[in-house]
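Down below is the structure, laid out as structure tokens.
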Amino acid sequence: MMMQIREAREALKLYFGYDNFRPMQEQIISRVLNREDVVVLMPTGGGKSVCYQVPAVVMPGITIVISPLIALMKDQVEALLENGIKAAFLNSSLSAEAQYQVENACLAGELKLLYVSPEKLLSSGFLNFLKRIQVSLFAVDEAHCISAWGHDFRPEYTQLRILKQQFPQTPMVALTATADKLTQKDIQDQLSLRDPQVFVASFDRPNINLMVKPGRDRLNKITEFLERHHGQPGIIYCLSRKGTEAIADKLKKNGFKATCYHAGMNAQQRAKAQEDFLKDDVQIVCATVAFGMGIDKSNVRWVIHYNLPKNIEGYYQEIGRAGRDGAASDALLFYSYADVMSMRSMLTEGSEKQLELQLVKLDRMQQYAEATICRRRILLQYFGETMHKDCGNCDICRNPPTSFDGTLLVQKALSAIARTQEQVNMGLLIDVLRGSRNAQVLEGGYDRIKTYGAGREISTMDWQRYLHQMLNAGLVELAYDQKYALKLTEQSRQVLFEGRKVQLVKFDEVKQPTEEVRKARPKKEVVQDALFERLRTLRKKMADEYGVPPYVIFTDSTLQEMSAEKPTNRIAMLAISGVGSLKYERYGYDFVNEIISFMTEEQDKGNKLKGATHLVTYEAYKAGNNPEQIARQRNLNPVTIYSHLATLYEQGYEVDLNRFITKKEFTEIRKAIASLGPDAKLKDLYEALGEQYEYHKIRLAISLFKTEV
Ligand code: ADP
Ligand code: ZN
């Protein structure tokens with residue numbers, strides 16, 4: 001088994017280009033290789049696929065993956081093929097002829113993975129077909145579909161128990177991103193798993209930056225946000241179909257590449273929207289929650305919620321579509337009290353009990369939006385996971401609110417509520433407190449009460465925040481059945497009449513870096529961004545050439561690492577996380593070339609980049625110049641150029657040092673290097689050799705010496 005896990009690690013590097021397993025992947029894979037059953041609960045983007053794809057590669061035979069998402073199969077198979085793993089799928093979308101070919105490939109033992117829909121798996125004769133081939137493993141993806149409790153119940157899934165009956169010896173791995181206990185137990189029972197170990201990974205997605213902003217002026221805020229996320233793909237979730245269309249139109253008018261996606265569009269329109277997004281042909285999809293189930297795009301860089309989601313489950317699933325590649329991503333939620341109100345009035349379906357549950361869930365969502373502590377803590381706590389420190393990657397952590405004695409302010413609000421006979425809603429109360437002269441205020445005669453205008457100095461926005469805090473603290477109540485009028489409570493009386501003190505939380509506006517600060521960013525970073533952009537452009541070009549989505553070629557995090565490390569040869573490129581052997585064969589050379597030309601251009605512009613001077617020499621060398629000529633062109637000492645060539649040679653570049661030093665010379669110099677060591681000073685070697693050999697020959701000999709071992 002030890003050996004197998006080593007093979008698994010080698011396969012991870014060779015096919016996927018990753019050096020290390022993520023937490024749990026290794027344990028899961030060891031179990032599978034040991035032919036045990038396992039259940040894997042991991043968030044979207046957690047790395048579930050590797051848990052069966054790596055075993056599929058190292059085990060003899062073929063792994064059967066059962067997946068309900070037909071639309072995804074093609075993408076998954078494509079991604080495997082890109083990595084050099086032989087895979088295919090069978091579902092109703094294929095012609096009989098194509099299915100026949102896939103089956104033949106299975107019989108011939110040519111495939112390592114076969115994706116099938118549950119319908120296909122259960123269709124007549126298919127299990128007998130499986131008996132004729134060597135099945136190494138069954139992987140049941142989206143395993144929560146088996147549970148009638150869940151939201152994605154698929155009746156066909158309940159028939160999957162037949163697999164264990166018919167193939168008792170074949171290990172099975174069940175995978176899902178749904179974590180609740182009930183579902184988990186259902187999966188084990190219904191698949192008849194044998195004493196399975198259950199792996200529950202953390203549901204944290206630390207690379208997603210969590211932010212909540214007040215809902216006023218959202219469209220402008222979105223445009224600002226998009227300007228800071230130039231060209232990065234993302235999703236805007238809206239409540240209504242109309243909303244998606246309106247926002248997409250507005251963004252298009254502002255010059256962004258946006259489209260919409262909702263259930264009112266026909267299948268063809270939706271497929272087109274999805275395809276354009278996958279291929280990075282549109283940057284932004286404005287969608288209702290229907291969007292995202294069937295997409296696997298790993299480079300979604302941000303998710304915006306234009307409206308407050310109904311509950312935390314949905315919210316978490318939706319933001320989880322960002323940053324599956326592990327690179328930094330943003331989740332921005334717009335929140336306004338008005339949204340909560342309209343949401344409440346929309347919740348009318350179902351029994352009283354269901355309704356109550358929905359309201360409770362909405363309350364939790366609202367509390368999250370109004371949080372004054374680390375947002376990630378709240379989210380994970382909701383899913384039963386306790387974090388022991390603040391995350392540092394949410395707006396609250398970045399900009400912690402301070403509290404102050406808000407007693408006077410609360411008293412003003414409560415007094416205004418009392419003097420308006422507990423008849424006004426929040427908006428009107430704020431108007432009264434701020435001394436507004438609008439029609440509603442005047443009609444009610446509220447301009448004549450004592451507290452009229454008593455809170456003028458506080459902005460509407462801030463009043464809203466303070467009133468929300470008062471609501472959360474039980475200092476006032478909302479009468480849902482009386483047009484959301486604000487009502488006093490027992491606690492309000494304590495504040496008004498019994499001298500109870502109240503602490504309120506103050507929010508400072510999150511400081512955006514000003515234009516000057518942004519401009520003054522270190523040059524290096526800007527240059528690096530420029531390289532990232534170039535690599536991204538190259539990726540898009542190649543993706544179109546090969547007819548695959550760009551992220552299938554390399555993920556954003558892989559491109560980021562490339563632009564930071566600037567690998568300019570094969571060995572360095574293969575060391576980048578996400579560059580496997582086949583990917584290198586196919587694309588590596590073009591990316592190396594792009595990096596080299598970027599670096600040489602920067603060098604020409606006078607931007608000093610580490611290693612760039614060598615590359616300029618290399619370019620000149622490749623163009624057929626000899627070291628003396630290069631030295632003259634570059635106004636450098638020839639010894640420096642030889643030294644560049646020697647270093648390049650050591651790094652694996654194609655440089656023929658033997659052109660500049662004869663065998664005989666090398667044999668002589670080699671003796672001195674062997675006795676003084678390859679790290680000896682050139683000067684010492686020069687002297688040890690009786691001052692007979694030029695410095696540059698010694699330098700070349702050192703490289704030849706170093707690489708011969
Ligand atoms: P899931 O199926 O759980 O949603 P995926 O299997 O699609 O997640 O993995 C999400 C991303 O993480 C993919 O881009 C994948 O290549 C990457 N990934 C998976 N395992 C590793 C690993 N060990 N090291 C680095 N990246 C990984
Ligand atoms: Zn935090």
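Indexing begins at 1, ligand by ligand and atom by atom, following the structure's order.
- Remark: the backbone N or O of Ala327 is paired with a side-chain donor or acceptor of Arg301 at under 3.5 angstrom.
- Between Trp302 and His229, the ring planes are perpendicular. Angles over 60° get that label, and only those under 30° would be called parallel.
- Ring geometry for Tyr587 versus Tyr546: interplanar angle over 60°, hence perpendicular rather than tilted (30 to 60°).
- Look at Gly45 and you'll find a heavy atom under 4.0 Å from some atom of ligand 1.
- Only the backbone of Asn20 comes within contact range of ligand 1, with a heavy atom under 4.0 Å; no side-chain atom does.
- Near Thr44, meaning under 4.0 Å from any of its heavy atoms, are these atoms of ligand 1: 4 (O).
- Residue-environment remark: NZ (Lys221) exceeds the threshold of 12 foreign heavy atoms within 6.0 Å.
- Scanning the protein for heavy atoms near atom 11 (C) of ligand 1, the closest one is Arg324 O, 3.1 Å.
- Close N/O approach between Ser49 and ligand 1 is found [any backbone or side-chain N/O within under 3.5 Å].
- Taking every non-hydrogen atom of Val50 and a distance limit under 4.0 Å, the qualifying atoms of ligand 1 come out as 19 (C), 20 (N).
- With distances taken over non-hydrogen atoms, the option nearest atom 15 (C) of ligand 1 out of Phe554, Tyr551, Tyr18 is Tyr18.
- Put simply, the residue from Val54, Val38, Asn34 that forms a side-chain contact (heavy atoms from CB on, under 4.5 Å) with Ile29 is Val54.
- Near Pro43, with a cut-off below 4.0 Å to any heavy atom, the atoms of ligand 1 are 3 (O).
- When hydrogens are left out, the protein atom nearest atom 12 (O) of ligand 1 is Arg22 NH2, 3.0 Å; that is the closest non-hydrogen contact.
- Counting protein heavy atoms only, atom 9 (O) of ligand 1 is closest to Gly47 CA, 3.5 Å.
- Checked against a 3.5 angstrom limit, the closest N/O atoms of Phe21 and ligand 1 fall outside it.
- Under the 6.0 Å distance and 45° angle rule, Arg218 counts as a cation-pi partner of Tyr306.
- Contact check for Tyr335 versus His468: side-chain heavy atoms found under the 4.5 Å cut-off.
- If you check which protein heavy atom lies closest to atom 20 (N) of ligand 1, you get Gln25 NE2, 3.0 Å.
- In this structure, a donor-acceptor pair under 3.5 Å is present between the side chains of Arg398 and Asn209.
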